[in-house]
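Worksheet for the structure shown next.
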Amino acid sequence: MLDIKWIRMHQDQVKEAAQNKGVECPLDELLEVDEKKRLLLHQVDQLRTERNRASVQIAQCMAEQNKREAEALKDQVRGWNRTLTEYEEGLAKLEERFKGLMLTVPNLASPDTPLGATDQDNVVQKVVGQPTSLKFEPRDHMQIGEALDLFDFPRGVKVAGSRNYYLKGMGLYLHRAVQQLALDLLSDRGFTVMDVPLMVREETLQNAGFFPAGKDQTYELQDEHKWLVGTSEAPLVSYYADEIIDLSKGPVQLAAVSNCFRKEAGSAGRDVRGLYRVHQFAKVEQVILCENDPATADQMLDQITQNAEDILGLLELPYRVVAVCTGDMGAKNYKQYDIETWMPSRNAYGETHSSSSLLDFQARRSGLRYRDKNGELRYCYTLNNTAVATPRILIPLLENHQQADGSIYLPAALRPYMRGLTAIPNK
């Protein structure tokens, strides 16, 4: 969240950010509740001061055997206590409403974020590699997977409902191989790799900025009062929640591999066919906690994006990087890049990775602080990136690397994780 003091002084900027991101933010109500809360808090503080002063006077009167004045003061204190109870109940309601309204305020967008409403307004930053040109009639990933017995959708739907699947044989090995490749790369680059909780408390998702807006995309375990994560970003960000972090040796670099669960409510069209948008998938996620410095944050954003690009390079896949526009970026993000990988069956690029800088938006919610060089407590900046998401990445892997004989070429970087195979053979 943003600092309420900053919000009061920059109302127009907040309204502009909400409008550009398409976020409903009742800012006028927030400011009204904030003013009422501050006024009532002032009244409560005044009454408490008067009550404390009267308590001292009562003690003096009792010591001086002045019972009449002591009783009069006690009557006055009892009246103040009744008023205080009413005020404190009102203050609690205002505080609860204030917190709820604060959660609707989006992060600002960076000055260089493109203005736009949808992903069609994203701006290409660079293109790496050329779209694959096949000299035979190509198959899409569903045809390839069925022919090579890599996955089974009909039985997935039978067992678990729509957009569920089984990965089989080399399909499972490929799914696991890209994860381990990404983990090894990040570990070699100084990341602490983790396995994280997948069932988390509501405040974990709220503090990471996914709630309240993302509840319709998230699976709730009602009896447990917990939620299934849609990305390990949330438990990674909360790992140091409400702690003072040591950044004296540089940014904290965390990474996790985890299963992820999303309802994907509202998605339609070609995105729901095959492996592109499924309810259960896996991700290797990067999270950075760094000092409260815009230049450092920009450097970290470039670094984690490059990590993802390097993984695509090892997978020998053509891709492009786009600057995400205001209307397509998340409400919590300050700056965002997406990486889109070439998918022959679409004859287009499809999103496979995302990198985001949030400044101190998550840190304020999560209580992530550090001491600067002067010893003063400051909120960290946080960043995140999808190092790899699978099985979605299997779409370009299978489609770009298909061979005329029906086999699938395996990039050299994957072979150690694929039992030494150079290709997935045709059946």
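All values below come from the heavy atoms of this structure, side chains included, with hydrogens, waters and symmetry mates left out.
Using the six-membered ring where Trp is involved, His10 and Trp6 have ring planes that are parallel, under 30° apart on the 30 and 60° scheme. Note on ring orientation: taking the six-membered ring where Trp is involved, the planes of Tyr165 and Phe153 are tilted (angle from 30° to 60°).
Qualifying salt bridge (Lys or Arg N to Asp or Glu O under 4.0 Å) partners for Arg97, counting only residues two or more places apart in sequence or in other chains: Glu29.
Side chains of Tyr381 and Asp360: no donor on one and acceptor on the other come within 3.5 Å. Judged purely by distance below 3.5 Å, without hydrogens or angles, the side chains of Asn307 and Asn385 never pair a donor atom with an acceptor atom. Side chains of Gln336 and Ser354: a donor-acceptor N/O pair is present below 3.5 angstrom, by distance only. Looking only at atom types and distance, the side chain of His353 has no donor-acceptor partner in the side chain of Tyr319 under 3.5 Å away. With 3.5 Å as the limit, one finds a donor-acceptor pair spanning the side chains of Gln306 and Asp310. Asn20 and Thr326 form no side-chain donor-acceptor contact under 3.5 Å, judged by distance and modelled atom types alone.
In this structure, the side chains of Leu398 and Leu174 come closer than 4.5 Å at one or more pairs of heavy atoms. Side-chain atoms of Lys335 and Asp298, non-hydrogen and from C-beta on, do get closer than 4.5 Å to each other. Here the side chains of Leu368 and Tyr239 are not in contact, with every heavy-atom distance at 4.5 Å or above. For the pair Asn107 and Lys21, the minimum side-chain heavy-atom distance is below 4.5 Å. Using a 4.5 Å heavy-atom threshold, the side chains of Asp338 and Asp119 count as separate. Here the side chains of Val178 and Leu181 are not in contact, with every heavy-atom distance at 4.5 Å or above. Side-chain contact between Leu31 and Glu35: absent, with no pair of heavy atoms (C-beta onward) separated by less than 4.5 Å. Within the 4.5 Å cutoff, no side-chain heavy atoms of Lys215 are placed close to those of Glu220.
Pairing each heavy atom of Ala331 with each of Val23, the nearest pair is CB-CG2, 3.8 Å. Annotation for Leu317 and Pro396: closest pair CD2-O, 3.6 Å, computed over non-hydrogen atoms. When all heavy atoms are compared, the tightest approach of Leu185 to Leu314 is CD1-CD1, 3.9 Å. Nearest approach of Met329 to Asn333, heavy atoms of both residues: CE-O, 3.5 Å. Here the closest heavy-atom approach between residue Ala208 and residue Ser366 is recorded as N-OG, 4.3 Å. The two residues Asp121 and Leu115 come nearest to each other via the heavy atoms CB-O, 4.3 Å.
Summarising the local packing, CD of Gln13 is surrounded by more than 12 heavy atoms from other residues, nucleotides or ligands at distances under 6.0 Å. Applying the 6.0 Å contact sphere to CG of Asn374 captures more than 12 heavy atoms from other residues, nucleotides or ligands. The number of heavy atoms from other shown groups lying within 6.0 Å of CZ (Phe261) is above 12. Within 6.0 Å of atom CZ in Arg176, 12 or fewer heavy atoms from other residues, nucleotides or ligands are found, so the atom counts as exposed in its surroundings. Crowding of Arg415 atom CZ: a count of heavy atoms from other residues, nucleotides or ligands under 6.0 Å exceeding 12. Within 6.0 Å of CD on Glu50 lie more than 12 heavy atoms contributed by other residues, nucleotides or ligands. Atom CD of Glu96 sits in a sparse spot, with 12 or fewer heavy atoms from other residues, nucleotides or ligands closer than 6.0 Å. Atom CZ of Arg155 has 12 or fewer neighbouring heavy atoms from other residues, nucleotides or ligands inside a 6.0 Å radius.
If you run side chain to side chain contact (heavy atoms under 4.5 Å, CB included) between Tyr370 and each of Leu377, Asp246, Val252, Leu247, only Leu247 comes through. For the salt bridge (charged side-chain N to carboxylate O under 4.0 Å, His left out) test with Glu95, the passing option among Arg38, Lys36, Lys37 is Lys37; the others fail. None of Arg163, Glu264, Arg392 except one satisfies the side chain to side chain contact (heavy atoms under 4.5 Å, CB included) rule with Tyr276; the exception is Arg392. Results of the side chain to side chain donor-acceptor pair (under 3.5 Å) test with Gln303 over Arg189, Gln286, Gln253 single out Gln253 as the only residue that passes. Arg262 pairs in a side chain to side chain contact (heavy atoms under 4.5 Å, CB included) with only one of the listed residues (Val229, Thr231, Thr218), which is Thr231. Each of Phe211, Tyr219, Phe210 was evaluated against Trp227; a single residue qualifies, Phe211, per the ring-ring contact (aromatic ring centres under 6.0 Å, His included) test. Just one residue in the list Asp328, Val124, Val123, Val127 forms a side chain to side chain contact (heavy atoms under 4.5 Å, CB included) with Val322, and that residue is Val124.
Within the model, atoms CE of Met170 and CE of Met418 stand 5.0 Å from one another, a figure rounded to the nearest 0.5 Å. To the nearest 0.5 angstrom, Ile244 atom CD1 is 10.0 Å from Cys380 atom SG. Annotation: the span from Lys332 atom NZ to Phe361 atom CZ amounts to 9.0 Å, rounded to 0.5 Å. From Leu47, atom CG reaches atom CD of Glu86 across 10.5 Å, with rounding to the nearest 0.5 Å. Rounding to the nearest 0.5 Å places OG of Ser248 at 12.5 Å from CG of Asp372.
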For a side chain to side chain contact (heavy atoms under 4.5 Å, CB included) check, start with the C-alpha distance between Met199 and Glu224, then their side-chain angles and the critical distance, and finish with the verdict.
CA-CA 9 Å; Met199 298 181 294; Glu224 299 287 337; 5.6 Å; no
Should Leu254 and Val237 be marked as a side chain to side chain contact (heavy atoms under 4.5 Å, CB included) after you check the CA-CA gap, both sets of side-chain angles, and the distance that decides it?
CA-CA 9 Å; Leu254 307 175; Val237 166; over 6 Å; no
Glu88 and Arg48: CA distance, side-chain angles, deciding distance, salt bridge (Lys or Arg N to Asp or Glu O under 4.0 Å) verdict:
CA-CA 11 Å; Glu88 287 168 348; Arg48 286 173 178 166; 2.8 Å; yes
Steps toward side chain to side chain contact (heavy atoms under 4.5 Å, CB included) verdict (Leu289, Thr382)
CA-CA 5 Å; Leu289 312 176; Thr382 66; 3.6 Å; yes
Take His175 and Phe151, measure what side chain to side chain contact (heavy atoms under 4.5 Å, CB included) needs, and give me the verdict at the end.
CA-CA 11 Å; His175 171 75; Phe151 41 78; over 6 Å; no
In a table with atom names and distances, give each donor-acceptor pair under 3.5 Å that connects a side chain of residues 141-150 to protein atoms at least two apart or in another chain.
unit_1: His141; atom_1: ND1; unit_2: Glu399; atom_2: OE2; d: 3.4
unit_1: His141; atom_1: NE2; unit_2: Leu275; atom_2: N; d: 3.1
unit_1: Gln143; atom_1: OE1; unit_2: Asp140; atom_2: N; d: 2.9
unit_1: Asp149; atom_1: OD1; unit_2: Lys168; atom_2: NZ; d: 2.9
unit_1: Asp149; atom_1: OD2; unit_2: Lys168; atom_2: NZ; d: 3.3

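Salt-bridge check for Arg346 with Glu340: failed, with every basic side-chain N at 4.0 Å or more from each acidic carboxylate O.
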